[in-house]
Every structure is written in C-alpha cells, then in structure tokens.
Amino acid sequence: MQVIKYAFQQHGDDRGQLIALEEHKDIPFEIKRVYYMYDTQEGVRRGFHAHKSLEQILICIHGSCKILMDNGKEKKIVPLEKPYEGLYISNNIWREMYDFSPDAVLMVLASDYYKEEDYIRDYDEFLRFAEEA
Ligand code: T46
C-alpha cells in the first residue's frame with residue numbers, strides 16, 4: 001500500500017508560519033467539507049471504518065496522533081506530528097486514529113459532504129468490499 005504524505009509549502013517569515021491549501025492544487029480533490037477533532041481523551045481510538053468513495057486529507061494541525069491504514073491486505077501506521085504534513089486516505093481504506101496527544105487537533109479535508117451511507121463500519125464487509133474493488 002502506497003502511503004501518500006504531503007509536505008505542504010510553508011510561507012514562513014520572522015512572524016511565524018502560514019500554510020495555504022487550495023483544492024486541485026495542494027489538495028487533489030474538491031474540498032466539500034472540513035471537520036476537526038480535539039480534546040480527544042487519553043487512550044481513545046476512533047475511526048474503525050472505511051469509505052466507499054470518500055477521499056480525505058488528514059492534518060494534525062496541533063499536537064500529534066497516529067493513523068492506522070489498512071487496505072485489507074496490508075496495514076501501515078503513519079504518525080502525524082507536524083502541522084505542514086497531510087496524509088491522503090483514499091476510499092476503500094480502513095482507518096483508525098489513536099495515540100492522540102492531549103493538545104492534538106486533527107483536521108480533515110473531505111471530498112464530499114457527510115453521508116452515513118458511504119461508511120463501511122463492519123470489518124468483514126470492508127474485506128469483501130476491498131476484495132471486489
Ligand atoms: C473519518 C475519520 C478520519 C457529522 O455530523 N458530520 C461529519 O462530517 C462527521 C465527520 C461526523 N459527524 C457526526 C457523526 C457522529 O455522530 O459526528 C459524530 C462523530 O463522528 P464519527 O464517529 O464518524 O467520527 P470518527 O472520528 O470515528 O471518524 C471521522 C469521520 O467520520 C470519518 O469519515 O474518516 O474521522
């Protein structure tokens with residue numbers, strides 16, 4: 001499984017850093033939704049699903065966390081520790097997010113609106129789906 005981790009361009013000067021993200025330029029899809037999670041409690045593991053068609057970029061804009069990616073054949077663990085790093089997660093990838101630092105803010109840019117019907121929440125169903133894809 002190929003892990004696509006972007007290093008976004010930082011516009012730094014003596015005031016600090018700034019990152020700008022534009023769809024179809026820095027982000028390989030139209031951004032239809034942005035959400036973020038914070039105040040994640042110690043030991044919490046989130047996710048436990050795949051998406052039928054949604055594509056996303058995960059950016060830990062503060063603090064750190066880890067992402068488990070699973071394509072049904074192979075698993076990879078990707079640490080997100082820098083605000084300029086973005087992890088691309090395509091459809092058909094089971095994901096779990098864990099090891100959040102207390103100050104972690106995990107922001108997600110998504111290619112579509114929230115649609116519960118796009119979620120695959122059962123791991124065996126995911127394996128069948130990944131096999132057919
Ligand atoms: C994903 C990972 C990385 C909404 O109402 N709108 C939204 O856009 C989202 C993302 C969630 N919600 C509601 C649905 C649940 O009642 O917020 C609640 C928590 O969502 P969920 O349990 O799905 O959160 P995670 O952290 O398990 O997963 C989320 C995304 O849902 C998912 O698409 O890939 O982050």
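We count ligands from 1, going down the list as the structure has it; atoms in each ligand are counted the same way.
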All pairs passing salt bridge (charged side-chain N to carboxylate O under 4.0 Å, His left out) where residues 44-66 contributes a residue, at least two apart: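 Sorted pair list: Arg45-Glu96, Lys66-Asp99.
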Distance-only donor-acceptor check, side chains Tyr88 and Gln2, under 3.5 Å: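 No.
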Worked verdict on Glu116 versus Tyr114 for side chain to side chain donor-acceptor pair (under 3.5 Å): CA-CA 7 Å; Glu116 182 55 38; Tyr114 179 73; 3.0 Å; yes
From CE (Met97) to CD1 (Ile67), nearest 0.5 Å: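 Reported to 0.5 Å precision, the distance equals 6.0 Å.
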Close N/O pairs between ligand 1 and protein, under 3.5 Å:
{"residue": "ligand 1", "atom": "8 (O)", "partner": "Arg33", "partner atom": "NH1", "Å": "2.5"}
{"residue": "ligand 1", "atom": "24 (O)", "partner": "Arg46", "partner atom": "NH2", "Å": "3.4"}
{"residue": "ligand 1", "atom": "26 (O)", "partner": "Arg46", "partner atom": "NE", "Å": "2.7"}
{"residue": "ligand 1", "atom": "26 (O)", "partner": "Arg46", "partner atom": "NH2", "Å": "3.3"}
{"residue": "ligand 1", "atom": "27 (O)", "partner": "Gly47", "partner atom": "N", "Å": "3.0"}
{"residue": "ligand 1", "atom": "31 (O)", "partner": "Tyr119", "partner atom": "OH", "Å": "2.5"}
{"residue": "ligand 1", "atom": "33 (O)", "partner": "Tyr35", "partner atom": "OH", "Å": "3.4"}
{"residue": "ligand 1", "atom": "33 (O)", "partner": "His51", "partner atom": "NE2", "Å": "2.7"}
{"residue": "ligand 1", "atom": "33 (O)", "partner": "Tyr119", "partner atom": "OH", "Å": "3.1"}
{"residue": "ligand 1", "atom": "34 (O)", "partner": "His49", "partner atom": "NE2", "Å": "3.3"}
{"residue": "ligand 1", "atom": "34 (O)", "partner": "Gln56", "partner atom": "NE2", "Å": "2.6"}
{"residue": "ligand 1", "atom": "34 (O)", "partner": "Arg95", "partner atom": "NH1", "Å": "2.7"}
{"residue": "ligand 1", "atom": "35 (O)", "partner": "Tyr35", "partner atom": "OH", "Å": "3.2"}

Residue from Phe126, Phe129, Trp94, Tyr119 passing ring-ring contact (aromatic ring centres under 6.0 Å, His included) with His49: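 Among Phe126, Phe129, Trp94, Tyr119, the one that satisfies the ring-ring contact (aromatic ring centres under 6.0 Å, His included) with His49 is Tyr119.
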Ionic contact status for Lys25 with Glu23, cut-off 4.0 Å: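 Result for this pair is no, no salt bridge flagged.
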